[in-house]
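Presented below is the structure to which this report refers.
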Amino acid sequence: MKVISSTILLIVTFGIHGFAQVNAGESLEKAAKQMISSIVSEDYATYIDLVYPTAVEVFGGKDIMVKMTKTNKDAQKDAGLILAEADFIKSSPILNNNLNLQSIITFDYKMSIGGQNYKGQNYLFAISEDLGSKWFFVELETFDEESIKTFVPSYNANLEYPMLVGAQLIQDK
């Protein structure tokens with residue numbers, strides 16, 4: 001009887017963990033799309049709510065980070081840089097290090113600089129501390145792998161940190 005009870009417990013445990021991973025993937029994609037949308041639409045409140053809280057504190061808290069983000073966006077516009085669109089492409093496999101879940105999000109973007117159009121890819125580091133119910137993000141063009149480790153000590157070295165490449169000019173045909 002003990003063997004059967006242990007077997008059932010194992011099946012239920014692994015079944016729940018597998019179900020949590022599936023839901024974590026779905027919630028990750030939904031949250032990533034929300035984050036990407038907030039960047040394009042300049043929805044600073046949503047953007048800051050989705051940034052990893054420790055990263056927000058590194059910048060001095062929500063109010064200061066909203067002000068800095070808005071100032072940077074305004075400076076980009078003044079310089080003729082306009083982010084036109086961005087689209088979720090994929091997430092890397094979700095890694096569980098028993099403290100949190102982590103992934104890398106890839107998204108495409110299009111922008112114009114001085115009337116010329118560019119396209120490129122960018123990346124977000126994603127982290128969930130509640131098995132994927134809520135996800136937070138860090139833009140990887142802002143932080144390199146080593147600096148992320150300063151505010152995410154549990155950063156999973158098995159994540160494939162992407163090579164950041166600048167935007168490419170879209171040639172008119």
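Note that the structure is a prediction, hence the values are computed from the model and not measured. Every heavy atom of this structure was used, including side-chain atoms; hydrogens, water molecules and symmetry mates were not.
The nearest pair of heavy atoms linking F137 to A126 is CE2-CB, 3.6 Å. Nearest approach of K33 to F88, heavy atoms of both residues: CG-CB, 3.7 Å. For the residue pair Y123 and Q121, the shortest heavy atom distance occurs at OH-OE1, 3.2 Å. For the pair M65 and I48, the tightest heavy-atom approach, listed with the atom from each and the gap, is CG-CD1, 3.5 Å. Closest heavy-atom contact between W135 and S27: NE1-OG, 3.1 Å. Between V40 and A84, the closest heavy-atom pair is CG1-O, 3.9 Å.
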Legend entry - Chi angles and distances behind the salt bridge (Lys or Arg N to Asp or Glu O under 4.0 Å) call for K30, E26: CA-CA 6 Å; K30 182 179 177 184; E26 291 171 5; over 6 Å; no
Inset, instruction - Could you check T69 against F59 for side chain to side chain contact (heavy atoms under 4.5 Å, CB included), going step by step and ending with a plain yes or no? - result: CA-CA 10 Å; T69 302; F59 281 100; over 6 Å; no
Inset, instruction - Would you check, one step at a time, whether the test side chain to side chain contact (heavy atoms under 4.5 Å, CB included) holds for E139 with L124? - result: CA-CA 5 Å; E139 289 186 66; L124 300 168; 3.7 Å; yes
Legend entry - Test log, rule side chain to side chain contact (heavy atoms under 4.5 Å, CB included), inputs M35 and Y47: CA-CA 6 Å; M35 177 63 154; Y47 173 78; 3.4 Å; yes
Inset, instruction - Report the C-alpha separation of S147 and D144 in whole Å, then their side-chain angles, then the decisive distance to 0.1 Å, and conclude whether the side-chain hydrogen bond (donor to acceptor under 3.5 Å, both in side chains) test is met. - result: CA-CA 5 Å; S147 61; D144 64 12; 2.9 Å; yes
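Looking at heavy atoms from C-beta onward, I105 lies in side-chain contact with L28 at the 4.5 angstrom threshold. Looking only at side-chain heavy atoms (C-beta outward), L140 and I104 come within less than 4.5 Å of each other. By the 4.5 Å heavy-atom criterion applied to side chains, Y109 and I39 are not counted as neighbours. Annotation: side chain of L50 is in contact with side chain of K134 (closest heavy-atom distance under 4.5 Å). In this structure, I36 and S38 have side chains that are not in contact, with every pair of non-hydrogen atoms separated by 4.5 Å or more.
Judged purely by atom type and a 3.5 angstrom limit, S92 has no side-chain atom pairing as donor or acceptor with the backbone of S103. The main-chain N or O of Q34 is never found under 3.5 Å from a side-chain atom of S37 such that the two would form a donor-acceptor pair. Looking only at distances, no side-chain donor or acceptor of T106 sits under 3.5 Å from a matching main-chain atom of I89. A side-chain donor-acceptor contact under 3.5 Å links N97 to the backbone of N100.
Residue L95 holds its CG atom at 6.5 Å from CG of N158, rounded to the nearest 0.5 Å. Atoms CG and OG1, from N122 and T142 in turn, are 8.0 Å apart once rounded to the nearest 0.5 Å. With values rounded to the nearest 0.5 angstrom, K67 atom NZ is found 6.5 Å from T71 atom OG1. Here the CG-CD1 distance, from L131 to I94, works out to 10.5 Å after rounding to the nearest 0.5 Å.
Applying side chain to side chain donor-acceptor pair (under 3.5 Å) to E42 and the options K70, K77, K73 leaves one that passes, K77. The only option from E145, K149, Q102 that meets the side chain to side chain donor-acceptor pair (under 3.5 Å) definition with Y155 turns out to be E145.
The ring of Y52 has its center no closer than 6.0 angstrom to the ring center of F125.
Under the 4.5 Å side-chain contact rule for hydrophobic residues, I82 and L169 do not share a cluster. Cluster membership check: I127 does not share its hydrophobic cluster with L99, using side-chain heavy-atom separations under 4.5 Å among Ile, Leu, Val, Met, Phe, Trp and Tyr.
More than 12 heavy-atom neighbours from other residues, nucleotides or ligands sit within 6.0 angstrom of CG on D78.
A salt bridge links D49 with K62: at least one charged nitrogen is closer than 4.0 Å to a carboxylate oxygen.
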